Protein chains: 2
Amino acid sequence: MPTMTAERRRAEAKREYDAFMADCPSRKLLDRISDKWVALALASLSEGPQRYSELSRRLAGVSQKMLTQTLRTLERDGLVFRVVTPSVPVRVDYELTDLGHSLQETMLVLKAWAEEHMDQVEAARTAYDAAV
Amino acid sequence: MPTMTAERRRAEAKREYDAFMADCPSRKLLDRISDKWVALALASLSEGPQRYSELSRRLAGVSQKMLTQTLRTLERDGLVFRVVTPSVPVRVDYELTDLGHSLQETMLVLKAWAEEHMDQVEAARTAYDAAV
DNA sequence: CTGTATCCGTATAGATACTG
DNA sequence: CAGTATCTATACGGATACAG
């Protein structure tokens, strides 16, 4: 079914997958994408293809291990392309796939939400802590 | 500025907060909300107020510890109300605040994304693993 | 430049037992 | 019913060293 509409796919998914269920594969997938580095990596790559070193700078404070691990998982899950240019030194670019692009928008919203509501959350915390 | 528009608030946030920065408070907030249980709790509560036991059943597989911890954090961050009815036995209902409601929509999208793209992700994994 | 490999402390999550 | 308290395992993340 190559021309299945998004609506129809949602209907299919509704019957097959449910992240509320403990053993549903989508539960694990939700767990994977619910990750700070995944959100930031996709948000960064939404601006276009980027080199490993660019991502490393952009995602301030990320360790090599976590960046590589995150990118590998995203690549394996089909969210990013990994383009290796065999120069010396080697150059590696990362780019969103169509699948990655479909998630990137939500990640941008998530990141923006955190930035936009930071003040409200801090106010709520202050109020909560004062009440205790 | 009680009537600040969403657009203006975004502009303010853009100047003040940036989750790409390691030390920005919004980075920690992004980390907090990038959580499986947070996503599922908000998704469940989007359908209306729910009791602790209802949430416990809905979020299949969640431990008491994680559910309570998640709900406490959400309450402290101003995303949910906790309504205690001092009956015997006690009854506790959880309900989204306006702030929680503003995030719940994104969480529903995130959960739906996982369910809708599960097949594509699995196909990508199979292809990736076959190539290695 | 873009990784891999290893060590290690901590935080997290689950299981279990107990309580108002 | 809705928690709290405690224990434990392990997975996660960071630091460091090294390599193609």
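From a predicted model like this one, the values you see are computed outputs, not experimental measurements. Each chain gets a letter, A, B and so on, in the order its sequence line appears, and its residues count up from 1.
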Query - From B:Leu74 atom CG to B:Leu96 atom CG, the distance as rounded to the nearest 0.5 Å - result: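 CG of B:Leu96 is found 9.0 Å from CG of B:Leu74.
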Between [X] and [Y], is any side-chain donor less than 3.5 angstrom from a side-chain acceptor?
{"X": "A:Ser56", "Y": "A:Gln64", "answer": "no"}
{"X": "A:Asp119", "Y": "B:Tyr17", "answer": "yes"}
{"X": "A:Trp113", "Y": "B:Thr106", "answer": "no"}

Requested in this report: Under the side chain to side chain contact (heavy atoms under 4.5 Å, CB included) rule, collect the residues that match up with B:Val84, sequence neighbours excluded.
Outcome: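 With neighbours one apart ignored, the set is B:Arg82, B:Val90, B:Val92.
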Query raised in the report: Of all of residues 43-57 of chain A, which get a heavy atom below 4.0 angstrom from DNA chain C, listed by number?
Result: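 Of all residues in residues 43-57 of chain A, the ones placing a heavy atom under 4.0 Å from DNA chain C are A:Arg51, A:Tyr52, A:Ser53.
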Query raised in the report: Near DNA chain C, under 4.0 Å by heavy atom, which residues of residues 72-84 of chain A?
Result: A:Arg72, A:Arg82
Query raised in the report: Does the pair A:Asp18/A:Arg27 count as a salt bridge with the N-to-O cut at 4.0 Å?
Result: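 A:Arg27 and A:Asp18: not salt-bridged.
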**Report entry** Electrostatic pair B:Glu54:B:Arg58 at N-O distance under 4.0 angstrom
**Finding:** no
**Report entry** From CA spacing to verdict: side chain to side chain contact (heavy atoms under 4.5 Å, CB included), B:Leu71, B:Trp37
**Finding:** CA-CA 9 Å; B:Leu71 291 171; B:Trp37 298 129; over 6 Å; no
Query raised in the report: Minimum heavy-atom separation for B:Ala22 to A:Ala60, with atom names?
Result: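 The answer is CB-O, 3.5 Å.
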Between the protein and nucleotides 14-20 of chain C, which nitrogen or oxygen pairs are less than 3.5 angstrom apart?
{"unit_1": "C:dG14", "atom_1": "O6", "unit_2": "B:Lys65", "atom_2": "NZ", "d": "2.8"}

Query - Start and end of the DNA chain D segment that chain A contacts, any atom under 4.0 Å from a heavy atom - result: D:dG13 to D:dG20
Query raised in the report: What residues, two or more places apart in sequence or in another chain, satisfy side-chain hydrogen bond (donor to acceptor under 3.5 Å, both in side chains) together with A:Asp31?
Result: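 Here no residue qualifies.
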Query raised in the report: So, is the end of the B:Lys111 side chain (NZ or CZ) under 6.0 Å from the ring centre of A:Phe20 and within 45° of the ring's axis?
Result: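 Here B:Lys111 passes the 6.0 Å and 45° test against A:Phe20.
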Query raised in the report: Which part of the nucleic acid does B:Asp31 contact within heavy-atom distance under 4.0 Å: base, sugar-phosphate only, or nothing?
Result: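 Nothing: the residue B:Asp31, judged by heavy atoms under 4.0 Å, touches no strand.
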Requested in this report: Assess whether side chain to side chain contact (heavy atoms under 4.5 Å, CB included) is satisfied between A:Met107 and A:Val38, documenting all intermediate values.
Outcome: CA-CA 8 Å; A:Met107 289 311 193; A:Val38 168; 3.9 Å; yes
**Report entry** Backbone N/O of A:Leu29 and side chain of A:Ser26: donor-acceptor pair under 3.5 Å
**Finding:** no
Query raised in the report: OP1 or OP2 of C:dC1 less than 4.0 angstrom from a side-chain nitrogen or oxygen of A:Tyr94, does that happen here?
Result: no
